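The model shown is predicted, which means the values in this text are computed figures rather than measured ones.
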Amino acid sequence: MTPFMLSVQELLDGEATPEPATEPAYPEKVAAATDTQVVVRSLAEQLVSEANAVLGPHREPLTLVDETGPGALAFTLGRADRTARVQTVVSGRTATAELVIGGTPSGTRRRLTSEDEVQALLLSLIAQS
């Protein structure tokens, strides 16, 4: 089992749920923002597969749904009634990454501090659903 799969099993066994670290969202160059979005999306796909292998057929699986639309790259992670949308919105020469949990933007736009926080985000979805 991978380290993330072990983390999922520990969570199911009663370990504490980590919260993903976030920071204020800010505009950056389109190339850098979209590169980060692609890296986060790729990692999320791998981790969803690993988590679902541990959850097995008798538990609600995690889902990953890509979303398309003009001016944005986005995907939504979910489990049961919980969702987290990771999006990068392009405006002119800049783009802003944002994390939207539960379908409602918070008062302050936030984003994950790094790709490593995808693990904590998925673990929080598992624990809270």
**Study point:** Test item: Thr94 and Lys29 side chains (from C-beta on) under 4.5 Å apart, heavy atoms
**Key:** no
Exercise for review: Go through Met1 and Val8 one step at a time and tell me if the side chain to side chain contact (heavy atoms under 4.5 Å, CB included) criterion holds.
Suggested key: CA-CA 10 Å; Met1 290 203 335; Val8 172; over 6 Å; no
Review point. Any side-chain heavy atom of Val38 sitting closer than 4.5 Å to one from Val40?
Key: no
Point to revise | Trace of the side chain to side chain contact (heavy atoms under 4.5 Å, CB included) decision for Thr63 with Thr83 | key: CA-CA 9 Å; Thr63 59; Thr83 62; over 6 Å; no
Review point. Under 4.5 Å between side-chain heavy atoms, hopping through other hydrophobics if needed: is there a path connecting Leu73 to Leu64?
Key: no
Exercise for review: Output yes when Glu98 and Arg109 qualify as a salt bridge under the 4.0 Å nitrogen-oxygen rule, no when they do not.
Suggested key: yes
Point to revise | Note, Thr22 side chain near Leu99 side chain (heavy atom, < 4.5 Å) | key: yes
Study note, to complete from the structure: Note: Glu19 and Ser124 closest approach over all heavy atoms is OE2-CB, 4.4 Å
Check your understanding: Will you find, in the side chains of Glu23 and Thr113, an N or O donor that is under 3.5 Å from an N or O acceptor?
Key -> no
Practice item. For residues Ala127 and Thr17, report the shortest heavy-atom separation together with the two atoms involved. Key: CB-OG1, 3.1 Å
Study note, to complete from the structure: The side-chain hydrogen bond (donor to acceptor under 3.5 Å, both in side chains) partners of Glu67 (sequence neighbours excluded) come to Thr76, Arg85
Exercise for review: With rounding to the nearest 0.5 Å, note down the distance linking CD in Glu45 to CZ in Phe75.
Suggested key: 10.0 Å
Exercise for review: Kindly work out whether a path of hydrophobic side-chain contacts (I/L/V/M/F/W/Y, heavy atoms less than 4.5 Å apart) joins Leu77 to Leu55.
Suggested key: yes
Exercise for review: Decide yes or no on side chain to side chain contact (heavy atoms under 4.5 Å, CB included) for Met5 and Gln9, but give the supporting numbers first.
Suggested key: CA-CA 6 Å; Met5 293 170 87; Gln9 187 59 58; over 6 Å; no
**Study point:** Short N-O contact, Glu117 and Arg111, less than 4.0 angstrom
**Key:** no
Exercise for review: Hey, could you give me the CD/CZ distance between Gln128 and Arg79, rounded to the nearest 0.5 Å?
Suggested key: 11.5 Å
Review point. What's the spacing between Leu43 CG and Asp116 CG if we round to 0.5 Å?
Key: 8.0 Å
Review point. Hey, what do you get for CD (Glu15) to CG (Leu6), rounding to the nearest 0.5 Å?
Key: 11.5 Å
Review point. Cluster question for you: counting only ILVMFWY and a side-chain heavy-atom cut-off of under 4.5 Å, with indirect links fine, are Leu11 and Phe4 together?
Key: yes
Exercise for review: Take Asn52 and Val54 through the side chain to side chain contact (heavy atoms under 4.5 Å, CB included) test and state the conclusion after the steps.
Suggested key: CA-CA 5 Å; Asn52 284 340; Val54 175; over 6 Å; no
Exercise for review: Check for a donor-acceptor pair, side chain of Gln37 on one end and backbone N or O of Ala72 on the other, with a separation under 3.5 Å.
Suggested key: no
Check your understanding: With hydrophobic residues grouped by side-chain heavy-atom distances under 4.5 Å, do Leu125 and Leu12 end up in a single group?
Key -> yes
Practice item. State, with a plain yes or no, whether a side-chain heavy atom of Pro27 is found less than 4.5 Å away from one of Ser91. Key: no
Revision key, fill the gap. For Thr88 and Ala33 the tightest heavy-atom approach is CG2-CB, 3.9 Å
Study note, to complete from the structure: d(Leu122 CG, Ser7 OG) to nearest 0.5 Å is 11.0 Å
Practice item. Enter the distance from Ile126:CD1 to Arg59:CZ here, rounded to the nearest 0.5 Å. Key: 9.5 Å
Review point. Are Val86 and Val65 grouped together when hydrophobic residues (ILVMFWY) are joined by side-chain heavy atoms under 4.5 angstrom apart?
Key: no
